[in-house]
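Beneath this line is the structure, given in structure tokens, with notes to follow.
One is the number of the first residue; the rest follow in order along the sequence. Quick caveat, the model's predicted, so the values are computed rather than measured. In listed order, ligands and their atoms are each counted from 1.
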Amino acid sequence: MLVHRASDFEKKARDALKKIQKVEGLGVFYANFLGKKSELNDFLKSLKDLPAEEKRDIAPVIQKIRTELQNDFDAKQAFLRKKELDERLASDWLDVTKEFPIKKGSIHPISRVQRRVEEIFTSMGFEIADGPEVETEWRNFDALNVPSSHPARDMQDTFWVSSRSQDPHENTVLRTHTSSVQIRKMMEYGAPVRIIVPGRVYRNEAVDASHDATFYQVEGLLVDKGISLAHLKGTIQAMLSELFEKEVLVRFRPGYFPFVEPGLEVDFSCLLCNGKGCRVCKHSGWVEFMGAGMVHPNVLRNGGIDPEVYSGFAFGFGLTRLVMMQYGIDDIRLLFSQKKSFLSQF
Ligand code: DAH
């Protein structure tokens with residue numbers, strides 16, 4: 001009897017529906033129990049072969065089964081979809097406001113001071129220039145009026161990149177100072193020129209707390225008409241006062257560097273005692289800062305500039321030493337150590 005078969009079917013369908021735990025299972029259920037190829041559809045199709053009376057009785061029963069099953073199916077589908085969504089939301093949940101213990105990096109103290117120095121010189125009209133760390137012997141020494149017999153050229157102080165031939169234009173060294181860039185830029189720009197050159201330099205030295213085989217310098221070069229030592233003093237005094245955020249005095253002492261005439265040693269007034277004398281300045285009131293002077297006529301000529309028309313000042317200071325002074329770092333090796341405990345202080 002069709003009615004019995006229908007009610008068996010209904011029971012089977014309900015049991016099957018009850019067992020479904022996942023949205024995935026719904027497709028197969030639908031195909032088996034409600035779709036075009038389902039047994040239910042067969043019932044509906046077979047109705048038309050029944051005698052009219054029987055059909056009248058049984059059709060509503062089957063329709064009712066179909067409607068109810070469809071409703072239950074819809075309800076189950078909605079329930080399972082919501083349940084799965086809730087589960088996903090719960091497991092994928094992310095608190096975007098939560099603070100993670102990520103340690104931020106920081107700017108290395110050398111870069112920090114370098115940037116500040118660059119800002120100050122730029123504000124005074126200097127340009128930032130750059131040059132290669134592997135330089136010809138000629139630009140590093142000869143063009144700067146350093147005699148070929150000068151002890152700085154010998155094996156102790158200079159890292160020679162090429163083996164040393166007769167021709168200083170052929171020979172290459174790791175630049176021992178940023179002064180080598182003076183020649184490059186004079187040739188490139190001509191006069192007037194107003195540059196600073198921050199950069200890495202190399203010396204073949206024994207490493208200890210205050211010496212490293214590599215360190216940073218800042219070179220300065222200003223060439224124009226009518227330039228004197230007064231311009232140099234004013235420039236350096238203004239730069240240091242800006243950098244240290246207090247009035248700093250500058251003192252010149254005679255010094256010798258082959259590329260300048262006259263050559264000078266430049267000191268600034270001790271920041272700690274303001275010139276009164278303390279342990280840091282060895283009770284002199286002054287701190288040694290850099291070498292400087294008026295650019296030697298030979299150097300101007302080597303850079304393609306006429307010393308009869310132009311004059312200029314040049315200076316070179318140790319950026320690494322300046323950083324150590326500013327932050328009270330007593331061992332140069334810390335700066336390149338990559339020690340987190342050291343670096344995280346900045
Ligand atoms: N190049 C020198 C050094 O490394 C520093 C220096 C001295 C640079 C005098 C200059 C200068 O431009 O005029 O020790």
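- Contacts classified as side chain to side chain donor-acceptor pair (under 3.5 Å) and involving residues 244-256 (residues at least two apart or in different chains) are given here: K246-N274, R251-D267, R253-D267.
- Salt-bridge check for K64 with E68: passed, with a basic side-chain N closer than 4.0 Å to an acidic carboxylate O.
- Salt bridge annotation for E135-R184: present, with a cationic side-chain nitrogen under 4.0 angstrom from a carboxylate oxygen.
- For the residue pair T97 and D95, a side-chain donor N or O sits within less than 3.5 Å of a side-chain acceptor on the partner.
- Looking at residues two or more places apart in sequence or on another chain, you find no ring-ring contact (aromatic ring centres under 6.0 Å, His included) involving F252.
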What are the atom names and distances for all N or O pairs under 3.5 Å between ligand 1 and the protein?
from: ligand 1; atom 1: 1 (N); to: H177; atom 2: ND1; distance (Å): 2.9
from: ligand 1; atom 1: 1 (N); to: S179; atom 2: OG; distance (Å): 3.0
from: ligand 1; atom 1: 4 (O); to: R203; atom 2: NH2; distance (Å): 2.9
from: ligand 1; atom 1: 4 (O); to: Q217; atom 2: NE2; distance (Å): 2.8
from: ligand 1; atom 1: 12 (O); to: Q182; atom 2: NE2; distance (Å): 3.3
from: ligand 1; atom 1: 12 (O); to: E219; atom 2: OE2; distance (Å): 2.7
from: ligand 1; atom 1: 12 (O); to: F315; atom 2: N; distance (Å): 3.3
from: ligand 1; atom 1: 12 (O); to: F315; atom 2: O; distance (Å): 3.3
from: ligand 1; atom 1: 13 (O); to: A314; atom 2: O; distance (Å): 3.3

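- Note on residues 75-94: pairs passing side chain to side chain donor-acceptor pair (under 3.5 Å), not counting sequence neighbours, are K82-D86.
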